[in-house]
Amino acid sequence: MTWLTAPGDRGSTLYVSPAIEELTGYSQEEWAAGPDLFEKLLHPQDHERVLADIEAAGGVPFRIDYRLLARDGREVWVRQETSTVRGRDGEPLYAQTFLRDLGELRRAEDERERIAAAERAATAEVSERESRLDLVRRVGDELSSTLDQQAALERVTDLVVRELADWCIVDVIEDGNELTRLAVARAEPTTGNGRGPADTPGDGVRAVAYSGRARLLPAPGEDTGEETARFLDGLEAASAISVPLRARNQPLGALTVARTARRATYSVDDLALVQDLASRIGLALDRGRLYRGVEERADAARVLEHVGDAILLLDRQGTIRLWNPAAEAITSIDAKSVLGQPAEKVIPGWQNAVDTVPVMSSPDPGHEEVVIPIDTARGERWISISGVRFFGGTVYAFRDLTDVRRLDEIKADFIATASHELRTPLAAVYGAAQTLLRHDFALDETGRERFVSLIADESERLGRIVNEILLANQLDAGRVDLEVEPFDAGELVERVVEATRAYAPPSVTLDVKVEEGLPRVSADLDKARQVLVNLVENAVKYSPEGGHVEVEAAETKGAVRFSVRDEGLGIDPEDQDRIFEKFYRADPHMVRGVGGTGLGLYICKELVERMDGRIWVEPNGEKGSTFLFELQTAEVLAHGLPVPGRLQFKI
Ligand code: ADP
């Protein structure tokens with residue numbers, strides 16, 4: 001309002017604006033009636049001060065704030081600004097006073113302040129929101145940047161404690177359904193130094209992880225600090241959020257954040273943010289798991305590709321789901337023609353065999369196996385097979401035991417023949433000794449000599465058989481030493497033939513053919529002699545009806561070739577390689593009446609090969625066979641025989 005008075009006289013109101021009524025409840029007329037009203041309306045507490053100030057101003061412009069009491073008893077804060085208006089000549093014309101309702105002014109200021117605060121709050125909210133979005137984005141980046149889950153989760157918890165919490169904990173349900181504490185991070189610098197979280201998740205977090213229900217503690221509007229501490233298994237915190245980690249409806253663990261400061265309890269907004277983070281972590285965990293699953297499956301597939309055992313997987317309907325390369329190799333049936341087919345239709349003899357195959361419910365070590373024959377394109381094979389049942393069907397594993405079985409058969413034959421071989425000379429020795437011991441039966445000198453030399457001969461035969469067995473064993477164990485020295489092959493042949501002639505039956509004649517100027521052989525002389533003796537003895541032995549045996553030594557490229565040709569029983573073409581196998585005898589049951597252990601040629605082959613030579617047999621024209629072996633001439637051979645390694649599983 002405007003109030004004009006004569007200079008120096010407050011009582012002489014020249015003009016007062018109508019707003020006075022609005023301000024004080026008194027009309028223009030009442031106000032203008034006299035100076036008393038103004039003084040009366042001054043608030044008692046301001047009264048003295050205001051009048052004194054006005055007095056003191058003495059025409060100089062001034063400003064003063066005070067209270068007026070309105071007609072209805074209201075206190076009205078006003079600001080008075082008074083100045084003197086002067087004429088052109090400088091004469092004071094009147095005093096001009098403006099009274100302003102300070103309440104109004106204050107309200108406007110308050111409003112301005114309120115708007116400014118709201119603006120500040122809005123800005124803060126935007127930046128808060130931005131920082132939350134940023135957190136979500138950075139957490140997402142961390143999770144997708146690596147497959148190393150542990151490392152990624154550690155970085156994520158670090159990020160969370162920077163923005164949102166004093167503690168951040170990730171618990172994950174491992175494959176065995178155990179909830180395990182995977183990552184724990186703490187804000188730096190720490191607020192409060194209370195107890196940290198336990199090494200293993202407590203019941204509260206466990207319940208969140210398995211039930212899939214989030215917890216916000218304390219619940220909005222409540223103050224349950226103790227429950228928070230209980231929930232967190234003793235971790236000192238004023239407020240906490242724990243939300244489940246899930247993917248594809250599977251519980252995967254829990255994400256828990258906690259604040260230690262009382263004033264900063266979590267809000268529902270924070271809960272939403274943590275849930276958002278948890279869903280990202282859940283997806284990452286799930287992706288990691290899928291990836292590992294794929295890797296494991298790929299490894300398993302590689303193992304099945306390369307393992308030496310045959311693997312056959314049948315589903316519950318008996319359809320073949322897997323047939324690995326080893327199964328293809330053993331059965332000569334390729335995977336293409338059996339996969340997806342019923343086993344009994346595509347595996348010959350399966351229907352009859354399957355009932356005899358032991359099937360376990362778990363793959364325990366030392367489980368039963370059965371050895372059964374199967375017909376394949378390569379002929380009959382013997383396989384050792386067993387099965388393990390699981391919810392989706394049955395896995396059968398089988399190995400080809402044909403060779404092992406053959407060896408077993410041969411070994412059994414060997415024991416039969418070896419004992420027969422040993423028994424014959426033993427019986428002869430025993431009989432001769434008994435005869436010599438008899439007193440009732442006088443033997444002349446010649447008779448006694450005959451029995452004694454029989455004992456000597458048969459003992460020697462016994463000794464040779466035992467030596468053969470021992471040597472074969474030593475060869476197997478790699479315990480045979482060779483001493484290489486140059487020697488004369490012609491001389492060796494002469495001597496061996498000469499010695500054989502001494503006991504060969506008269507029906508067998510022996511001949512020697514040695515090339516002129518033969519180079520010396522570089523090999524172990526004793527072992528070379530042993531090989532040659534064996535071959536010549538065999539030639540005599542396997543010529544039961546007599547015949548001619550020719551032993552020859554001749555030079556071939558860098559080697560000397562020894563050959564022993566007989567006109568005896570000969571060897572069937574299919575036996576030609578096998579007679580060099582251990583224990584193998586072409587006539588195991590001695591239908592032809594010639595005995596032996598089946599070790600001689602095995603020993604020959606092993607010895608020749610250890611001297612870097614080779615040995616083989618060829619048919620001798622119409623009748624009989626020729627055994628040949630070659631030994632090197634120039635090179636001096638040195639042998640270190642390898643001892644086979646042994647794999648040890650220590651427990
Ligand atoms: P053994 O003579 O003690 O049976 P070998 O290893 O010396 O054992 O011979 C293996 C098999 O090879 C013999 O059982 C025999 O069937 C056959 N064999 C060896 N030498 C001859 C040969 N000169 N003529 C015919 N068959 C032979």
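Just follow the structure's listing: the first ligand is 1, and inside any ligand the first atom is 1.
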Within the structure, is a non-hydrogen atom of K541 found at a distance of less than 4.0 Å from ligand 1? yes
For N538, the ligand 1 atoms with a heavy-atom partner under 4.0 Å come out as 2 (O), 7 (O), 19 (C), 20 (N), 23 (N)
Please verify whether a non-hydrogen atom of G568 lies at under 4.0 Å from ligand 1. no
So, is Y602 polar-close to ligand 1, with some N/O to N/O distance under 3.5 Å? no
Hydrogens and angles aside, do Y584 and D575 bring a side-chain donor and acceptor to less than 3.5 Å of each other? yes
Cationic N near anionic O, under 4.0 Å, R406 to D403: yes
May I ask you to list the atoms of ligand 1 that are less than 4.0 angstrom from any heavy atom of Y584? 10 (C), 11 (C)
Tell me, with the steps shown, if E574 and R578 meet salt bridge (Lys or Arg N to Asp or Glu O under 4.0 Å). CA-CA 8 Å; E574 66 265 25; R578 304 215 47 204; over 6 Å; no
For ligand 1, is there an N or O atom under 3.5 Å from any N or O atom of L601? yes
Please report whether the ring centroid of W323 lies less than 6.0 Å from that of Y396. no
What do you reckon, does L569 have a nitrogen or oxygen under 3.5 Å from a nitrogen or oxygen of ligand 1? no
Tell me the nearest of I579, I603, D575 to atom 12 (O) of ligand 1, using heavy-atom distances. I579
Heavy-atom proximity to atom 4 (O) of ligand 1, best of E468, R585, R565: R585
With nothing but distance in play, are any N or O atoms of F627 less than 3.5 Å from an N or O of ligand 1? no
Options S543, S625, G598, ranked by nearest heavy atom to atom 8 (O) of ligand 1, top entry: G598
All pairs passing side-chain hydrogen bond (donor to acceptor under 3.5 Å, both in side chains) where residues 290-301 contributes a residue, at least two apart: D299-R302
Under a 4.0 Å heavy-atom limit, does D566 contact ligand 1 with its side chain, its backbone, both, or neither? side chain
Considering residues, nucleotides and ligands other than E622, do more than 12 of their heavy atoms fall under 6.0 Å from its CD? no
Salt bridge check, K605 against E581: does any charged N sit closer than 4.0 Å to a carboxylate O? no
Could you check if a side-chain atom of W616 sits within less than 4.5 angstrom of a side-chain atom of E618, using non-hydrogen atoms only? yes
